[in-house]
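Along the sequence shown, residues are numbered consecutively beginning with 1.
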Amino acid sequence: MKYPFHYFRLTFTLLLCFYTAVLFAQPDKGINWAADGNGYYQIYNGSITLVSLPSNERKTIVNSTLLRPQGAPPLEVKSFQLSADGTKVLIYTNSKKVWRYETRGDYWIVDLKSNSLHQLGTDKPASSLMFAKFSPDGNQVAYVSGHNIFVEPASGGSPKALTSDGTDRLINGTFDWVYEEEFDCRDGFRWSPDSKTIAYWQLDARKIRNFLMINNTDSIYPFIIPVEYPKVGEDPSSCKIGIVNVATAATNWLQVPGDAIQHYIPRMNWIPNSNEIILQQLNREQNTSKLFIADAATSNVSPILTETDKAWIDAAEDWKWINNNKEFLWTSEKDGWRHLYSISKDGKKQNLITKGNYDVIESSLVDEKNNKFYFMASPANATQKYLYQTKLDGKGTAEMVTPSILPGTHEYDISPNGLFAKHTYESAEIKPIHEWMRLNTGNPFTMEGSITNQLAAVKPPANKVEFFKIKTEDGVELDGWMKKPDNFDRTKKYPVVFYVYGEPAAQTVTDTYGTGYNFLYYGDMPKDGYVYISIENRGAPAPKGREFRKSIYKNIGTLNIRDQAQAAKQIVNWPFIDKDRVAVWGWSGGGSSTLNLLFQYPEIYKTGVAIAAVGSQLTYDNIYQERYMGSPLKTKEAYIKGSPITYAKNLQGHLLYIHGTGDDNVHYQNAELLINELIKNGKVFQLMSYPNRSHSINEGAGTSEHLAKTYTTFLQQFCPPGGK
């Protein structure tokens with residue numbers, strides 16, 4: 001139940017591209033850096049090329065003519081990787097979606113020595129290979145197909161099965177629906193540093209019950225679409241880690257303590273240059289995290305670090321090792337802020353690297369040679385993001401690398417050697433612009449391509465997004481943004497539309513391009529005369545400290561709703577707001593928030609549009625909902641208290657509820673439970689169901705345009721635009 005949307009307009013086609021990409025395209029992996037960091041690979045005019053830095057000279061690595069199989073059209077390259085010795089290139093193409101992302105497809109190998117091209121897994125169905133990757137020595141390629149792991153010689157030859165017990169529910173080398181959705185787990189195997197073994201996850205989902213979605217439109221007789229989906233209170237799949245010998249195909253299972261069903265293993269990897277595995281285990285409630293190191297040869301496992309939290313602990317980032325692999329970097333919120341620590345391999349020594357009252361938003365680069373750690377943070381403004389550096393040994397203080405004259409949001413894709421970076425800058429008024437720079441000096445390669453020079457040509461909009469802060473009755477300061485109507489007249493009163501998400505998966509109040517624009521509105525909101533506002537309640541993943549983020553624990557549907565309503569209560573009393581024309585809308589978790597706001601605070605919110613909302617928290621998946629709401633096996637009180645259907649009887653205003661019947665994420669079941677509750681209480685509302693559409697409601701000809709028109713027509717009817 002993630003991913004709020006923002007930004008619509010320019011053209012309707014751009015809308016479709018944008019929000020489809022935000023929700024369901026394969027995640028951008030960033031720049032494909034060369035191993036030495038002195039250049040990067042990219043596809044250029046159908047060829048794979050190497051761009052050297054800082055000269056920007058381009059060298060063809062794989063000519064487009066070599067990417068044309070005999071008697072077939074050219075390969076459309078989705079992504080590619082080079083072997084460690086640079087003599088072979090692995091090509092990913094013909095990709096297909098598995099749940100959210102396109103993670104299965106076809107793989108080909110280009111041999112640069114022989115100028116030859118051959119396909120992997122030719123005995124497998126088309127577009128069925130997943131996560132293919134070279135062994136470290138470059139001699140073999142491993143991949144998953146049909147929930148089994150295979151290897152093939154990189155130079156060509158027959159595939160060899162390393163597992164053979166995989167079925168639709170016994171899953172080797174990848175994950176079930178809920179691990180993918182909530183732990184961001186997809187690629188489920190790792191080559192050992194010596195290329196002799198592979199560590200992999202095995203999930204046993206055979207006891208997970210199917211949720212049955214019904215397709216009524218694609219044949220005369222309806223048929224069901226089963227999805228293995230563990231709902232709140234249901235046991236998850238059992239999970240274990242195997243080490244398979246590539247030569248013998250024999251698997252040894254790591255002896256990880258704890259019940260394999262009542263614990264999760266969201267992260268696992270090899271310790272570099274060793275025969276040891278490090279893994280993170282979370283208990284079912286996800287409030288105890290344990291790190292283990294395992295000897296792959298003996299399968300023996302030793303605990304090295306345990307951390308607990310009164311709320312929840314997130315799945316870790318991948319480990320970064322330093323000091324000749326004697327220490328690793330670890331993120332913790334134990335002192336009230338999200339900080340980085342260096343931890344000795346045995347867990348006995350811990351050293352705080354990032355010191356101060358601020359959150360590390362994300363790690364950017366570990367530069368051990370120069371004793372530097374680069375990271376993203378924004379101590380003074382939670383809506384923005386900047387690059388900082390500090391000493392890796394923990395003896396320094398955070399220093400801002402990003403020029404202070406560029407307020408807004410920054411991204412840095414830094415080369416592995418720490419010399420170069422692609423720097424991206426944007427704000428609510430500035431489209432993303434890029435420059436290539438030397439990291440140590442901050443200077444761009446070419447002045448004409450610098451962000452500063454590009455900014456000189458940017459014309460700021462006449463009607464800017466305004467950021468503000470508002471303090472609630474509870475004494476909590478919240479961030480917000482507001483987009484006023486064009487030709488705003490302070491003496492008039494305007495309708496206000498609140499955009500809400502409200503749950504721990506994402507922020508809505510960020511100083512990024514597109515903020516303040518309603519992507520779903522079929523027209524021009526500022527021109528039509530709406531005030532558009534979003535508030536960031538507690539529980540959002542904003543860099544404002546642990547307490548701000550985790551106070552929502554066991555309080556989804558109550559605390560976040562109270563924050564939103566207390567802010568709105570003040571806003572509707574602003575002199576230019578018409579308190580009789582107050583609307584709210586959101587998608588997914590934002591749809592749930594919309595329902596709760598409309599039902600719990602009908603005196604404030606008069607109109608609401610809820611899309612793909614969770615009506616009852618007891619219907620959603622176990623990993624997400626139990627993480628934030630505690631175990632329902634102990635008590636369901638918080639779940640019931642936070643669910644919109646509990647308050648449906650209070651509806652007084654105008655509600656449009658929208659849902660796709662083929663939503664495998666937030667099931668259409670939620671719509672029907674809510675509909676029943678509204679009917680029982682005699683509440684009149686409007687409903688728009690989209691047959692067989694998923695959580696994105698974008699499949700099928702005309703769907704997205706119809707959705708936007710439906711949304712806009714309802715909003716204009718019950719929250720009429722324009723100043724009065």
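Inter-residue side-chain proximity for Trp330 and Trp319 is flagged as met; some heavy-atom pair is nearer than 4.5 Å. Looking at heavy atoms from C-beta onward, Asn56 lies in side-chain contact with Val51 at the 4.5 angstrom threshold. A heavy-atom distance below 4.5 Å is found between the side chains of Ser128 and Ser145. Between Ile198 and Val151, the closest side-chain pair of non-hydrogen atoms falls below 4.5 Å. Proximity of Val77 to Thr93: side-chain heavy atoms (C-beta onward) are nowhere separated by under 4.5 Å. When side chains are defined from C-beta on, Lys88 counts as touching Asp111, because their heavy atoms get closer than 4.5 Å. Taking the side chain as every heavy atom from C-beta outward, Trp99 and Thr103 never approach each other to under 4.5 Å. In this structure, Glu429 and Val465 have side chains that are in contact, with non-hydrogen atoms separated by less than 4.5 Å.
With sequence neighbours left out, Lys544 forms a salt bridge (Lys or Arg N to Asp or Glu O under 4.0 Å) with Asp479. Judged as a salt bridge (Lys or Arg N to Asp or Glu O under 4.0 Å), and not counting sequence neighbours, Arg267 has no contacts. With sequence neighbours left out, Lys345 forms a salt bridge (Lys or Arg N to Asp or Glu O under 4.0 Å) with Glu276. With sequence neighbours excluded, the residues satisfying ring-ring contact (aromatic ring centres under 6.0 Å, His included) with Phe175 are Tyr179, Trp201. Residues forming a side-chain contact (heavy atoms from CB on, under 4.5 Å) with Pro444 (at least two apart in sequence, or on another chain): Glu435, Met447, Ser450. Residues passing the salt bridge (Lys or Arg N to Asp or Glu O under 4.0 Å) test with Glu466 are Lys484, sequence neighbours excluded. In this structure Phe189 satisfies the ring-ring contact (aromatic ring centres under 6.0 Å, His included) test with no other residue, sequence neighbours excluded. Shown here are the ring-ring contact (aromatic ring centres under 6.0 Å, His included) partners of Trp191, two or more places apart in sequence or in another chain: there are none.
Ion pair Asp318/Lys320 not flagged as a salt bridge, since none of the NZ, NE, NH1 or NH2 atoms sits closer than 4.0 Å to an Asp/Glu carboxylate oxygen. Taking 4.0 Å as the cut-off between side-chain N and carboxylate O, Lys78 and Glu102 count as a salt-bridged pair.
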message = Please determine whether side-chain contact (heavy atoms from CB on, under 4.5 Å) holds for the pair Asn381 and Phe467, giving the CA-CA distance in whole Å, both sets of side-chain angles, and the decisive distance to 0.1 Å.
response = CA-CA 11 Å; Asn381 188 329; Phe467 287 88; over 6 Å; no
inquiry  = Let's go through Ile277 and Trp270 carefully: what are the C-alpha distance in whole Å and the side-chain angles of both, what is the deciding distance for side-chain contact (heavy atoms from CB on, under 4.5 Å) to 0.1 Å, and is it a yes or a no?
reply    = CA-CA 4 Å; Ile277 296 284; Trp270 292 90; 3.4 Å; yes
ask   = Given the rule in the salt bridge (charged side-chain N to carboxylate O under 4.0 Å, His left out) test, do Arg190 and Asp187 qualify, once you have shown the distances and angles that lead to the verdict?
value = CA-CA 8 Å; Arg190 309 284 185 265; Asp187 180 352; 3.5 Å; yes
inquiry  = For Thr331 and Val360: C-alpha separation, side-chain torsions, deciding distance, then whether side-chain contact (heavy atoms from CB on, under 4.5 Å) applies.
reply    = CA-CA 9 Å; Thr331 304; Val360 173; over 6 Å; no
task = Dump the intermediate steps for side-chain contact (heavy atoms from CB on, under 4.5 Å) on Lys160 and Gln140, then the final yes or no.
result = CA-CA 11 Å; Lys160 175 182 179 179; Gln140 302 176 87; over 6 Å; no
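Remark: Tyr501 OH to Gln507 CD distance equals 12.0 Å, nearest 0.5 Å. We find the CG-OG1 distance between Leu439 and Thr441 to be 8.5 Å, quoted to the nearest 0.5 Å. Within the model, atoms CG of Asn371 and NZ of Lys391 stand 7.0 Å from one another, a figure rounded to the nearest 0.5 Å. Distance check, rounded to the nearest 0.5 Å: CE of Met400 to CD of Gln389 gives 12.0 Å. Going from atom CG of Asn443 over to atom CZ of Arg438 covers 8.5 Å, rounded to the nearest 0.5 Å.
Remark: side-chain polar atoms of Asn351 are paired, donor with acceptor, to backbone N or O of Asp393 under 3.5 angstrom. Side-chain atoms of Thr49 come within 3.5 Å of backbone N or O of Gln42 as a donor-acceptor pair. Checked by atom type and distance alone, the side chain of Asp413 never pairs as donor or acceptor with a backbone atom of Lys422 at under 3.5 Å. For Ser195 (side chain) and Asp137 (main-chain N/O), a donor-acceptor pair under 3.5 Å exists by modelled atom type. Of the possible polar contacts, one joining the Glu368 side chain to the Asn323 backbone as a donor-acceptor pair under 3.5 Å is found.
Of the residues listed (Phe80, Phe131, Tyr92), the one engaging Tyr107 in a ring-ring contact (aromatic ring centres under 6.0 Å, His included) is Tyr92, and it is the only one. The only member of Leu112, Ile109, Leu117 that meets side-chain contact (heavy atoms from CB on, under 4.5 Å) when paired with Val89 is Leu112.
Looking at every heavy atom in both residues, Leu279 comes nearest to Ile241 through CD2-CG1, 4.4 Å. Between Cys185 and Pro266, the shortest heavy-atom distance links the atoms SG-O, 3.4 Å. Across all their heavy atoms, Ile243 and Ala199 have their closest contact at CD1-CB, 3.6 Å. Contact between Leu305 and Gln350 at its shortest, heavy atoms only, is CD1-NE2, 3.2 Å.
Using a 3.5 Å distance cut-off with no hydrogens or angles, the side chains of Glu152 and Tyr143 do pair a donor with an acceptor. In the model, Thr508 has a side-chain atom that pairs as donor or acceptor with a side-chain atom of Ser534 under 3.5 Å. Inspection of the Asn275 and Asp194 side chains reveals no N or O donor paired with an N or O acceptor under 3.5 Å. Between Ser127 and Asn94, the side chains place a donor N or O and an acceptor N or O closer than 3.5 Å (distance only, hydrogens not considered).
For residues 38-77, the set of pairs meeting the ring-ring contact (aromatic ring centres under 6.0 Å, His included) definition, not counting sequence neighbours, comprises Tyr40-Trp436. Every pair passing ring-ring contact (aromatic ring centres under 6.0 Å, His included) that includes a residue from residues 394-423 is listed here, sequence neighbours excluded: Tyr386-His410, His410-His423, His410-Tyr425, Tyr412-His423, Phe420-Phe445. Identified under the salt bridge (Lys or Arg N to Asp or Glu O under 4.0 Å) test for residues 358-367, with sequence neighbours left out: Asp359-Arg549, Glu362-Lys385.
Between Tyr358 and His339, the ring planes are perpendicular. Angles over 60° get that label, and only those under 30° would be called parallel.
A cation-pi contact links Lys124 to Phe150, judged by a cut-off of 6.0 Å to the six-membered ring centre and 45° from its axis.
Within 6.0 Å of atom NZ in Lys355, more than 12 heavy atoms from other residues, nucleotides or ligands are found, so the atom counts as buried in its surroundings.
Taking the six-membered ring wherever Trp is involved, the centroid distance between the rings of Trp321 and Phe328 falls below 6.0 Å.
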Which side-chain N or O atoms in residues 61-75 pair as donor and acceptor under 3.5 Å with protein atoms at least two apart or in another chain?
from, atom 1, to, atom 2, distance (Å)
Asn63, OD1, Thr65, N, 3.0
Asn63, OD1, Thr65, OG1, 3.0

